[in-house]
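Data first, discussion second: the structure below is written as structure tokens.
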Amino acid sequence: QVQLVESGGGLVQAGGSLRLSCVASGRTFSSYTMGWFRQAPGKEREFVATISWSGRWSGSTTYYADSVKGRFTISRDNAKNTVYLQMNSLKPDDTAVYYCAATSHVSDDARRYDYWGQGTQVTVSS
């Protein structure tokens, strides 16, 4: 069982930056692929970014939605059981509840993620 707790959301002006954090419980954090998803009012939950597990002989790989590529960066610190989402050049369209999730697969499909946080609100004003 993995428990996820997000933080770092808030209100920011367009063009600004925020960094989201997600702390995971459990001793096997490094073996999970971690993802960030978001859901805006009246819209379906959508994929934002994912970072794979990192093994002893290989580093993590990352993958981004086209809408955030070049603006958002996902990273992880396995020693702290934490995954981050650095968000730069924010736009009003980025306004949503952002969710952290974990899976044993490598996927951008929300249905393959087994564990979810409670979400953190990000609001970008124009």
Side-chain angles (χ1 to χ4, degrees):
Q1 189 77 4
V2 177
Q3 293 185 329
L4 304 172
V5 179
E6 302 100 331
S7 63
L11 173 64
V12 64
Q13 288 187 334
S17 298
L18 282 175
R19 188 175 82 156
L20 306 183
S21 299
C22 173
V23 179
S25 65
R27 299 180 179 179
T28 59
F29 172 77
S30 63
S31 66
Y32 285 96
T33 288
M34 302 300 297
W36 286 97
F37 294 79
R38 66 187 182 186
Q39 187 166 18
K43 295 186 177 181
E44 294 186 352
R45 189 169 299 189
E46 66 173 359
F47 166 75
V48 175
T50 185
I51 184 166
S52 69
W53 62 75
S54 54
R56 183 176 181 182
W57 307 111
S58 62
S60 301
T61 58
T62 59
Y63 181 64
Y64 298 91
D66 288 343
S67 59
V68 306
K69 202 172 294 184
R71 299 187 299 123
F72 291 10
T73 302
I74 189 171
S75 62
R76 67 190 300 162
D77 185 339
N78 291 334
K80 296 182 178 180
N81 278 15
T82 302
V83 61
Y84 304 98
L85 185 68
Q86 177 66 44
M87 305 186 295
N88 298 329
S89 302
L90 282 161
K91 306 174 182 180
D93 284 349
D94 295 319
T95 295
V97 177
Y98 283 71
Y99 297 91
C100 170
T103 179
S104 56
H105 306 285
V106 179
S107 177
D108 60 357
D109 186 343
R111 294 170 296 181
R112 304 204 77 183
Y113 282 73
D114 303 305
Y115 305 103
W116 292 84
Q118 81 289 349
T120 185
Q121 177 70 47
V122 172
T123 303
V124 184
S125 63
S126 57

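All heavy atoms count here, side chains included; hydrogens, waters and symmetry mates do not. We count residues from 1, following the sequence as given.
For Lys43, the salt bridge (charged side-chain N to carboxylate O under 4.0 Å, His left out) test picks out no residue, with sequence neighbours left out. For the salt bridge (charged side-chain N to carboxylate O under 4.0 Å, His left out) test, no residue two or more places apart in sequence or in another chain qualifies with Arg76. Here Ser7 pairs with Ser21 under the side chain to side chain contact (heavy atoms under 4.5 Å, CB included) rule; sequence neighbours left out. With sequence neighbours left out, the salt bridge (charged side-chain N to carboxylate O under 4.0 Å, His left out) criterion links Arg112 to no other residue.
Checked options Val48, Thr62, Leu20; the residue passing with Ile74 is Thr62 (criterion: side-chain contact (heavy atoms from CB on, under 4.5 Å)).
Counting heavy atoms from C-beta outward, Ser104 and Asp114 have side chains that approach closer than 4.5 Å. Inter-residue side-chain proximity for Thr82 and Phe29 is flagged as unmet; no heavy-atom pair is nearer than 4.5 Å. In this structure, the side chains of Val68 and Met87 stay at 4.5 Å or more apart for every pair of heavy atoms.
In this structure, OG1 in Thr50 is found 12.0 Å from CH2 in Trp36, a value given to the nearest 0.5 Å. Note that the SG atom of Cys100 and the OH atom of Tyr84 stand 11.5 Å from one another [nearest 0.5 Å]. Here CE of Met34 is found 11.5 Å from CG of Leu85. Values are rounded to the nearest 0.5 Å. For the atom pair OG1 (Thr61) and CD1 (Ile51), the distance works out to 8.0 Å, reported to the nearest 0.5 Å. A distance of 9.5 Å separates OG of Ser25 from OH of Tyr115, quoted to the nearest 0.5 Å. Annotation: the span from Glu6 atom CD to Gln121 atom CD amounts to 12.0 Å, rounded to 0.5 Å.
Think of Trp116 as one node in a network of Ile, Leu, Val, Met, Phe, Trp and Tyr side chains linked at under 4.5 Å; its network also takes in Phe37, Phe47, Tyr63, Val97, Tyr99, Tyr113.
Atom CD of Gln3 has 12 or fewer heavy atoms from other residues, nucleotides or ligands within 6.0 Å.
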- Task: Would you sort out whether Arg38 and Val122 count as a side-chain contact (heavy atoms from CB on, under 4.5 Å), showing the intermediate values?
- Result: CA-CA 9 Å; Arg38 66 187 182 186; Val122 172; over 6 Å; no
- Task: Verify side-chain contact (heavy atoms from CB on, under 4.5 Å) between Phe72 and Leu90, making sure each step is shown before the conclusion.
- Result: CA-CA 9 Å; Phe72 291 10; Leu90 282 161; 3.8 Å; yes
- Kindly determine whether Lys69 and Asp66 satisfy salt bridge (Lys or Arg N to Asp or Glu O under 4.0 Å), including the steps that lead there. CA-CA 5 Å; Lys69 202 172 294 184; Asp66 288 343; 3.1 Å; yes
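The nearest pair of heavy atoms linking Pro92 to Ala14 is CD-CB, 4.1 Å. Of all non-hydrogen atoms in His105 and Thr33, the two that sit nearest each other are O-OG1, 2.8 Å. A pairwise comparison of heavy atoms in Ser89 and Ser17 identifies N-OG, 4.3 Å as the closest pair. Nearest heavy atom pair, residue Thr120 against residue Gly9, reads OG1-N, 3.2 Å.
Hydrophobic clustering of Ile, Leu, Val, Met, Phe, Trp and Tyr side chains at less than 4.5 Å, counting indirect connections, unites Val2 with Tyr98.
Residue pairs meeting the salt bridge (charged side-chain N to carboxylate O under 4.0 Å, His left out) criterion with at least one member in residues 99-109, sequence neighbours excluded: Asp109-Arg111.
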